[in-house]
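Below you'll find the structure, written out as structure tokens, and then a few comments.
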Amino acid sequence: MGVVDDFKGTSIFCKVVFILLLIATLFTCISYTTTDWVYNDKVVINNHYGLWRICGEAEVPAACLHIDGWANDWYGVVQAFVTFGFFGILISFFLVVLYIFVGKCQKNGEVAIAELCYYLYCHSEDEHEMKRTRVFYLIGIIIFGAKVNDKWVEDAVTDYKFGYSFALSIIALLLEIVAGVMMLVEGKGGGGGGTKPLA
């Protein structure tokens with residue numbers, strides 16, 4: 001079977017999960033690597049803060065300051081927790097791709113979801129690991145939002161606002177949670193099954 005046939009042969013739930021995790025993966029990759037978690041809205045400074053860099057708006061590499069290893073405890077915790085969440089979303093997407101497109105992982109739609117995906121994703125230690133990565137991601141986002149509001153003092157030349165990177169990280173987390181719930185329903189036989197033959 002071709003890639004298109006493999007995708008068509010899965011249930012509606014599995015298709016939706018694939019699309020949600022594809023978007024979540026794209027959003028989390030963008031948010032993880034860009035410098036717009038917070039930005040200064042005043043014209044005087046115009047700094048943009050990401051997880052790993054602080055950048056100005058000048059179009060030269062020297063306009064950025066690397067902050068990996070920044071001696072700021074709460075920022076380090078955010079970096080670590082969001083990194084766990086980042087890899088959790090990548091692994092979740094990988095498992096769905098494995099189920100849909102790898103012949104040895106494909107099972108008949110009558111059996112609901114593939115035993116591999118159901119076993120790895122819903123009943124094993126890997127699912128507990130993925131739940132923890134979601135929790136880590138959520139904690140990282142909450143800490144970041146709370147500390148920026150609490151610690152970053154605004155004055156005449158600074159007006160901090162949350163940027164698109166922060167928003168994308170929240171959307172990615174929500175999409176992964178919805179996909180996880182749908183995968184659980186699919187694994188328990190509620191997804192309607194597909195027409196995929198035995199590989």
Side-chain angles (χ1 to χ4, degrees), residues 17 19-96 121 125-184:
V17 166
I19 292 167
L20 290 177
L21 287 178
L22 177 63
I23 296 169
T25 300
L26 176 64
F27 283 6
T28 198
C29 287
I30 292 170
S31 71
Y32 191 76
T33 57
T34 53
T35 56
D36 212 41
W37 279 62
V38 167
Y39 64 96
N40 179 18
D41 201 30
K42 293 283 175 79
V43 180
V44 181
I45 299 176
N46 284 336
N47 280 335
H48 297 258
Y49 296 79
L51 289 177
W52 311 105
R53 295 182 315 280
I54 301 171
C55 293
E57 294 184 350
E59 294 185 15
V60 292
C64 289
L65 170 68
H66 293 277
I67 55 174
D68 49 333
W70 190 7
N72 187 322
D73 292 342
W74 71 266
Y75 216 91
V77 169
V78 170
Q79 290 171 329
F81 279 20
V82 171
T83 298
F84 285 127
F86 172 72
F87 284 111
I89 289 178
L90 295 181
I91 291 169
S92 297
F93 183 62
F94 172 75
L95 286 176
V96 172
Y121 198 87
E125 287 301 312
D126 290 342
E127 169 60 8
H128 299 306
E129 291 298 327
M130 285 181 205
K131 284 179 183 173
R132 281 193 283 269
T133 62
R134 286 183 208 126
V135 171
F136 285 154
Y137 204 7
L138 178 61
I139 290 171
I141 289 170
I142 290 172
I143 291 173
F144 188 85
K147 289 293 187 178
V148 165
N149 282 328
D150 183 44
K151 300 281 187 189
W152 293 20
V153 180
E154 296 180 341
D155 53 33
V157 294
T158 56
D159 179 22
Y160 296 112
K161 298 205 183 300
F162 292 105
Y164 72 89
S165 303
F166 185 69
L168 289 178
S169 68
I170 294 172
I171 294 169
L173 176 63
L174 294 175
L175 290 175
E176 189 199 17
I177 291 170
V178 171
V181 170
M182 292 184 74
M183 183 66 88
L184 187 60

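Residues passing the side-chain contact (heavy atoms from CB on, under 4.5 Å) test with S165 are S31, T34, D36, W37, sequence neighbours excluded. In terms of the side chain to side chain donor-acceptor pair (under 3.5 Å) criterion, residue partners of W74 (sequence neighbours excluded) are, by chain and number, N72. Partners of L138 under the side-chain contact (heavy atoms from CB on, under 4.5 Å) rule, at least two apart in sequence or in another chain, are I142, L173. Scanning for salt bridge (Lys or Arg N to Asp or Glu O under 4.0 Å) contacts around K147 gives an empty result, with sequence neighbours left out. Listed by chain and number, the residues in a ring pair (Phe, Tyr, Trp, His ring centres under 6.0 Å) with F162 are F166 (sequence neighbours excluded). Residues satisfying the side chain to side chain donor-acceptor pair (under 3.5 Å) test with T28, not counting sequence neighbours, are Y137. Every residue two or more places apart in sequence or in another chain was checked for a side chain to side chain donor-acceptor pair (under 3.5 Å) with N149, and none qualifies. Take F27 and apply the ring pair (Phe, Tyr, Trp, His ring centres under 6.0 Å) test, not counting sequence neighbours, and it matches no residue.
Judged as a salt bridge (charged side-chain N to carboxylate O under 4.0 Å, His left out), the pairs with a partner in residues 157-169 (not counting sequence neighbours) are, in order, D159-K161. Residues in residues 166-175 take part in no salt bridge (charged side-chain N to carboxylate O under 4.0 Å, His left out) pair, two or more places apart or across chains.
Side-chain contact check for I139 versus I143: some heavy-atom pair is nearer than 4.5 Å.
When every heavy atom of T35 is checked against every heavy atom of H48, the shortest pair comes out as O-CB, 2.8 Å.
Rounding to the nearest 0.5 angstrom, the gap separating the CG atom in L175 from the CG atom in L22 is 10.5 Å.
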For residues 79-89, dump all side-chain donor-acceptor pairs below 3.5 Å to protein atoms at least two apart in sequence or in another chain.
unit_1	atom_1	unit_2	atom_2	d
Q79	NE2	L51	O	2.5
T83	OG1	Y32	OH	2.8
T83	OG1	Q79	O	2.6

